Amino acid sequence: MTGVLNPARSLPRMVLAMSLAPLAATAAATPTLAPIWTDDAVIQKDRPILIEGFGHPGEPAVVTLDGIARAVTVDPTGRFTATFPPRPADARPLTLELSSPQGLQARLTGLAVGEVWLCSGQSNMEMPVANALNFWSPPDMSDPDLRLVNVLKATHHQPQQAFANPVRWQRATMATITPFSASCYYMARELRRRTGMPVGAINASWGGSASRPWLTPAGGLAIYGAADMDLLALYVRDPGRAVAKMAPLWEEWFRRASGGQEPWRHPDHLEWSTVPAVSPWNTWPGSGLDRDPIGTVWLRRTIRLSAEQARGPARLVMGGLDDMDQTWVNGRAVGNTYGWDASRDYALPPGVLRAGDNEVLIAVSNLWGGGGFTGTPDSYRLVLSSGTTLPLDQGWRFSVAKVRGLPPRAPWDRQGGIGIMHNAMIAPLGQVALAGVAWYQGESDVGMPGYADRLKALFAGWRAQFGAATRMVVVQLANFGTPQLAPGPSGWAELREQQRQAVLADPRATLVPALDLGERLDIHPANKNELGRRIAWAALGETPPTPRAARREGSSVRVSFDGVTGRWHSWSNPAPIGFELCAAAPDSCRYAIARIEDRTVVLEDPEGKATTVRYAWADSPLVNLFDDHDTPLPAPGFQLPIQP
């Protein structure tokens, strides 16, 4: 489908309704242009130009671009589209006007035609220019023909036609560049340098986001199925019922992970300790959580109410809980939220509370850093139907669950919900044509199977919105984490291979290697300058080094590559490092002695038992294999079967 603006006919009725409902509900009183159309907008060259807008069904309007007029009529969904022929790159300022029988509705000036790129992903794409290398002593980076759009963070459970916060195209100045995505800016600057044409860069990224919040409704349906999409639609209509349907999935996960425990039914079966303070649990000395804060912890509090206090509905308000919670009151599931800084406000229908003791039980799962209470003490309270507020800043107990792994995440999850970032941050872009998308994401998906499938669905959904010719440039995860002293498993390496496989299966996608740009002690490496240049080279059609095949040659294995400029070199060593040979048996991988032969690498395998080659198979590998590119490029991390 094309986002909110052109739902695919093959979608189920439920997804179609989710896509169209916001349009009818928010159509303007007079025709308006889609929010991406502002002064100084950049139009994608060599593609049909679709100017979209909204109004009352049946309302006439005229869209005029550079003196060429198109008469349109608002369709039954509340939208219109004026189509203009493709244009070559042109920095000459254009004017866009929207008129209706009521008169001139909008007049935009300073539009240009050139390359338009969308940049998206998580924190390494969001990281601003101000945090990149050499920012404090740059030359003036102003450029009137480099235009930027920064989409602010927002989520929605249905595709939207407007952004939660208005956006506008801004010419590149030091003031507009500083808060903008560093990877995206340096990509756009390199495109300007190499093409000389106007370049537009749109940044829509969110630190910590998984891949599934960026899926279109069609992509969400393809990956997660009708049951999850129905549950998401139910949450829009009735959050309480949706939470009640989600709870058994969470409970089944915990039951399996804990060997049959059911604390929501039998909390006294756990061992409880007093919470020393309503604060992050890594600050609780002697709790064990001060040493290892990652995992799931049960929080419990008893609230004694009179019959009058328990009568009618109420609200359980819990300030920040880091990162995700599943909450019960008197054994009834009342809430499920993800977000370390998100306040919980859970409705308690009549009958949930009772006279006497009421049991609040919360399972909080922490994924990173400190966990548990992150709000101020006064942000934890019970609000009764009378308006009376009972503070909940004391009296809590805790029990550390002996389980590992992540519970299932609800489809409305704040940072992992299906399509919720696409709906608010991508769908409002409409069918604006793009040259491509630069995607830097994956850290939050490490350990979650099926990343290649999610990327495939993401590519398909975004191309349906922005055009079939839209190129996808994927940044392979940089090195980060504890170095490995011997071959072994690596979640980051697994995800890098999933990224590579997704790109390999797509003729209009390119993988950008970044294994040499990371910092093992900082998940946010500062060298976005070089990364941006590499993204730009890929955007312009250059193929970075890509493994092609591994073939047996007697007692050795030859690995061949495409996209190598010149030949391979091994830096700071007579031979390349980081290659492994693995046999069929588990734990059989071993570091291999390697040598370079022009654009290939030959590995010694005297026993001839290896079946697989792995390269840079670690969270934070050291690599020294580079080619002769202007700024030398490394090989990406990969795994290949050995062919006879």
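Both backbone and side-chain heavy atoms feed into the values below; hydrogens, waters and symmetry mates do not. What you see is a predicted model, and the numbers here were worked out from it, not measured in a lab.
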Across all chains, not counting sequence neighbours, the side-chain hydrogen bond (donor to acceptor under 3.5 Å, both in side chains) partners of Trp537 are Glu190
Rounded to the nearest 0.5 Å, how far apart are CG of Asp143 and CZ of Arg193? 13.0 Å
Which residues satisfy the salt bridge (charged side-chain N to carboxylate O under 4.0 Å, His left out) test with Glu519, sequence neighbours excluded? none
Interatomic spacing from OG in Ser205 to NZ in Lys153 - rounded to 0.5 Å: 8.0 Å
Please work out whether the ring planes of Tyr235 and His157 are parallel, tilted or perpendicular, with thresholds of 30° and 60°. perpendicular
Residues Arg533, Asp630: salt bridge by 4.0 Å N-O rule: no
Could you list the residues that satisfy salt bridge (charged side-chain N to carboxylate O under 4.0 Å, His left out) with Arg414, not counting sequence neighbours? Asp341
Nearest heavy-atom contact between Pro35 and Val167 is O-CG2, 3.8 Å
Distance alone, cut at 3.5 Å: any donor-acceptor contact between the side chains of Gln122 and Glu126? no
Using modelled atom types and a 3.5 Å cut-off, is there a donor and acceptor pairing between side-chain atoms of Ser181 and backbone atoms of Met125? yes
Side chains of residues 106-118: which donor-acceptor pairs under 3.5 Å do they make with residues two or more places apart or in other chains?
unit_1	atom_1	unit_2	atom_2	d
Arg107	NE	Glu97	OE2	2.9
Glu115	OE1	Trp117	NE1	3.0

Does some side-chain heavy atom of Phe480 sit less than 4.5 Å from a side-chain heavy atom of Glu443? no
Does one side chain, of Gln441 or Tyr451, offer a donor that lies under 3.5 Å from an acceptor on the other? yes
Taking the side chain from Arg147 and the backbone from Asp40, do they hold a donor-acceptor pair closer than 3.5 Å? yes
For the student: nearest non-hydrogen atoms of Thr176 and Thr173, plus distance: OG1-N, 2.8 Å
Would you please name every residue forming a salt bridge (charged side-chain N to carboxylate O under 4.0 Å, His left out) with Asp453, sequence neighbours left out? none
Taking the side chain from Arg47 and the backbone from Leu434, do they hold a donor-acceptor pair closer than 3.5 Å? yes
For Gly369, is there any backbone N or O sitting under 3.5 Å from a side-chain donor or acceptor partner on Asn366? yes
Heavy-atom closest pair, residues Leu232 and Pro411: CD1-O, 3.5 Å
Do the charged groups of Asp66 and Arg87 touch, with an N to O distance under 4.0 Å? yes
Quick one: do the Thr30 and Gln102 side chains pair a donor with an acceptor below 3.5 Å? no
Heavy-atom side-chain contact between Thr216 and Trp462 under 4.5 Å: yes
Judged by atom type as modelled, is there a donor-acceptor pair below 3.5 Å linking the side chain of Thr543 to the main-chain atoms of Gly563? no
Restricting to salt bridge (charged side-chain N to carboxylate O under 4.0 Å, His left out), what partner residues turn up for Asp322, sequence neighbours left out? none
Between Arg520 (side chain) and Gly518 (backbone), is there a donor-acceptor pair under 3.5 Å? no
In Å, rounded to the nearest 0.5 Å, how long is the span from CZ of Arg500 to CG of Leu511? 8.5 Å
Nearest 0.5 Å please: distance from the OH atom of Tyr185 over to the CZ atom of Arg192. 10.5 Å
